[in-house]
Amino acid sequence: MNDSDAAAAQAALKRVRTRHFQSAKENGIPITGLTSYDVQTAGIFDQAGIDFLLVGDSAGNTVFGYDTTLPVTIDELIPLTRAVASAATRAFVIADLPFGSYEVGAEEALHSAIRFMKETHAHAVKLEGGVRSAEQIRRIVEAGIPVMGHVGFTPQSEHGLGGHMIQGRGDQLDKLLADAHAVEDAGAFAVVLEMVPADAAAHVTKELRIPTIGVGAGPHVDGQLLVWTDWAGLTAGRIPKFVRQYADLRGILTEAALAFRADVADGTYPGPEHSY
Ligand SMILES: Nc1nc(=O)c2c([nH]1)NC[C@@H]1CN(c3ccc(C(=O)N[C@@H](CCC(=O)O)C(=O)O)cc3)CN21
Ligand SMILES: CC(C)C(=O)C(=O)O
Ligand SMILES: [Mg+2]
């Protein structure tokens, strides 16, 4: 297959599966992912051909209004994940394991992963940490559940890391590489690299057999993932420097709300066509 045939085959997939993450890397076809937390956006992103939908614990920020992802629970994420999985026909749906649902050990991690698989119909789980999470990843994979790893900046350890800090700079590159290899060796099908310098991400991407998915990791990775509310211009206030904003939903919805208010105030809504 030449490059454009491979890209067309990827676009035409009936359902993205873990082997397609691998073949995308091997054929140099960039993988795309967005977060999603509801049935409407999941349907839109799926139809647009986004390869995977991550029901992130970033829902703590984007849905529930917490300052960090730390308070997010499995019980909060299950209904969101179920909604996303119900709308995805082609996209691969990944459930993010929240803080406190896998750190105690492999047994706990497997219990949490099983809950997501049974109760949401997601296709895989994601968890944070490299060397420190390798046993958990191995155990979940052995049970037949695909795992996406997540190394570099891991938001669930934001307090331990001292803030939203770039990881893998200078002499931290060895730790980043060790973490990424630990995730691969434990059997993960892909790994997220968050907030790492572009050259460090390139280095990891070259060394690993499994695809790397960058979030603020520059262009030399196998795929790109963004939090959809940042990407679509819905997030209020500061967004991370690595985000390109593809729409201005906040502006559009503000205009719509102002117009609705004005129409109700001056009696032009509802019109006769909206009345019974
Ligand atoms: N809305 C949203 N977007 C995200 O990308 C995201 C979440 N929430 N929640 C979970 C984690 C936390 N992440 C974050 C959060 C903040 C920065 C950030 O503000 N970075 C600054 C530099 C560091 C700082 O000053 O705090 C930047 O300008 O990139 C980066 C990643 C990524 N994830
Ligand atoms: C930012 C991505 C990687 C994530 O973990 C999330 O959205 O929760
Ligand atoms: Mg997350």
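Computed from a prediction, not measured in an experiment: that's the story for all the values here. First listed ligand is number 1; within each ligand, the first listed atom is number 1.
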Quiz item: Can an N or O of K126 be found at a distance shorter than 3.5 Å from an N or O of ligand 2?
Solution: yes
Exercise. Give yes or no for whether the N/O distance cutoff of 3.5 Å, strictly under, is met between Y37 and ligand 2.
Key: no
Quiz prompt | Distance filter under 4.0 Å to T35 heavy atoms, resulting ligand 2 atoms | solution = 7 (O)
Exercise. Please could you name the atoms of ligand 2 that D96 approaches to less than 4.0 Å, counting only its heavy atoms?
Key: 4 (C), 5 (O), 6 (C), 8 (O)
Quiz prompt | salt bridge (Lys or Arg N to Asp or Glu O under 4.0 Å): pairs with one or both residues in residues 238-256, sequence neighbours excluded | solution = none
Quiz item: Counting distance only, does the side-chain N/O of T120 pair as donor-acceptor with the main-chain N or O of R82 below 3.5 Å?
Solution: no
Quiz item: Is the backbone of A190 close enough, under 3.5 Å, to the side chain of K25 for a donor and an acceptor to pair up by distance?
Solution: no
Practice problem: Test salt bridge (Lys or Arg N to Asp or Glu O under 4.0 Å) on R138 and D185 and set out the steps. | Solution: CA-CA 8 Å; R138 186 167 288 112; D185 294 344; over 6 Å; no
Please state which protein non-hydrogen atom is closest to [atom] and give its distance, to 0.1 Å?
{"atom": "atom 25 (O) of ligand 1", "value": "R238 NH2, 3.4 Å"}
{"atom": "atom 29 (O) of ligand 1", "value": "K241 N, 2.9 Å"}
{"atom": "atom 7 (C) of ligand 1", "value": "N61 OD1, 3.7 Å"}
{"atom": "atom 11 (C) of ligand 1", "value": "P155 CG, 3.4 Å"}
{"atom": "atom 1 (N) of ligand 1", "value": "D230 OD1, 3.0 Å"}
{"atom": "atom 6 (C) of ligand 1", "value": "V227 CG2, 3.9 Å"}

Quiz item: Going by chain and residue number, what protein N/O/S atoms come nearer than 2.8 Å to the Mg ion (ligand 3)?
Solution: D57 OD1, D96 OD2
Quiz item: Ring centroid separation for F45 and W231, is it under 6.0 angstrom?
Solution: yes
Taking the side chain as every heavy atom from C-beta outward, state whether [X] and [Y] have any atom pair closer than 4.5 Å.
{"X": "F116", "Y": "T81", "value": "yes"}
{"X": "H123", "Y": "F52", "value": "no"}
{"X": "H150", "Y": "L193", "value": "no"}

Self-check item: Close approach of E194 to ligand 1, heavy atoms, under 4.0 angstrom
Solution: yes
Quiz prompt | Any M195 heavy atom less than 4.0 Å from ligand 1 | solution = yes
Considering only heavy atoms, does [X] approach ligand 2 within less than 4.0 Å through its side chain, its backbone, both, or neither?
{"X": "D57", "answer": "both"}
{"X": "T69", "answer": "neither"}
{"X": "E128", "answer": "neither"}

Quiz item: For ligand 1, is any non-hydrogen atom under 4.0 Å from V243's backbone (N, CA, C, O), its side chain (CB onward), both, or neither?
Solution: neither
Quiz item: What part of P240, side chain from CB on, backbone N/CA/C/O, both or neither, has a heavy atom under 4.0 Å from ligand 1?
Solution: both
Practice problem: Give the single entry among M165, E158, H164 that approaches atom 19 (O) of ligand 1 most closely by any heavy atom. | Solution: H164
Quiz item: Relative to each other, are the rings of F189 and F92 parallel, tilted or perpendicular (30° and 60° limits)?
Solution: perpendicular
